[in-house]
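These values consider heavy atoms only, across backbone and side chains, with no hydrogens, waters or symmetry-generated copies.
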Amino acid sequence: MTATVNGEAYAPRDGETVLDLVAARLGRPLGPDGQPLDGGRLGVAVAVDRAVVPRGSWSRTALADGQHIDIVTAVQGG
């Protein structure tokens, strides 16, 4: 199984969800609601095949073969 994450090939594990992927990419533990368990802010949005996945759905959204996943981090600046 192969997907694309931010333009790079990625091989999701069986049963891997958007929540698992985001937590691994950010190196931060996340609760089932997608909120960081460290109490900090996340500032991340995820789209799968160009459709935004609400944070509350990350734990129920399994990764699948051929998907295009974009993880976007908010950046502040001027």
Side-chain angles (χ1 to χ4, degrees):
M1 178 163 66
T2 302
T4 303
V5 177
N6 290 357
E8 297 180 2
Y10 181 73
R13 300 179 315 270
D14 286 340
E16 186 172 1
T17 66
V18 169
L19 180 76
D20 299 327
L21 176 64
V22 172
R25 289 287 173 124
L26 299 178
R28 294 174 67 183
L30 303 175
D33 59 356
Q35 297 298 322
L37 294 177
D38 60 14
R41 299 184 70 147
L42 198 57
V44 170
V46 178
V48 176
D49 294 333
R50 297 185 177 194
V52 173
V53 179
R55 186 175 302 195
S57 299
W58 290 359
S59 64
R60 298 184 307 272
T61 305
L63 303 183
D65 190 37
Q67 287 179 323
H68 294 270
I69 301 143
D70 293 303
I71 301 172
V72 180
T73 303
V75 176
Q76 185 176 9

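- Taken from CG in L21 to OG1 in T61, the straight-line distance is 11.5 Å, to the nearest 0.5 Å.
- Contact detail for M1 and D65: the closest heavy-atom pair is SD-N, 3.3 Å.
- Of the inter-residue distances, the one linking I69 atom CD1 with N6 atom CG reads 9.0 Å to the nearest 0.5 angstrom.
- Judged purely by atom type and a 3.5 angstrom limit, S57 has no side-chain atom pairing as donor or acceptor with the backbone of V53.
- Atom-to-atom distance recorded for L42:CG and R55:CZ is 4.5 Å, nearest 0.5 angstrom.
- Scanning both residues, G66 and D49, for their nearest heavy atoms gives O-OD1, 4.3 Å.
- Side-chain atoms of D70 never come within 3.5 Å of backbone atoms of A47 as a donor-acceptor pair (strictly under, hydrogens ignored).
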request  = Show your working on side-chain contact (heavy atoms from CB on, under 4.5 Å) between V72 and V46 and close with a plain yes or no.
outcome  = CA-CA 6 Å; V72 180; V46 178; over 6 Å; no

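- Counting all heavy atoms, side chain and backbone alike, A3 lies closest to A64 at CB-O, 4.0 Å.
- A donor-acceptor pair under 3.5 Å links the side-chain atoms of T17 to the main chain of D20, judged by distance alone.
- Taking CZ of R50 as the start and CD of Q67 as the end, the distance is 14.5 Å to the nearest 0.5 Å.
- With rounding to the nearest 0.5 angstrom, the CZ atom of R25 is 6.5 Å from the OH atom of Y10.
- Partner of L63 under the side chain to side chain contact (heavy atoms under 4.5 Å, CB included) criterion, chosen from D14, V18, V5: V18.
- In plain terms, the two heavy atoms of T2 and A9 that are nearest each other are CG2-CB, 4.3 Å.
- At a threshold of 4.5 Å between non-hydrogen side-chain atoms, the residues L30 and L37 do not count as touching.
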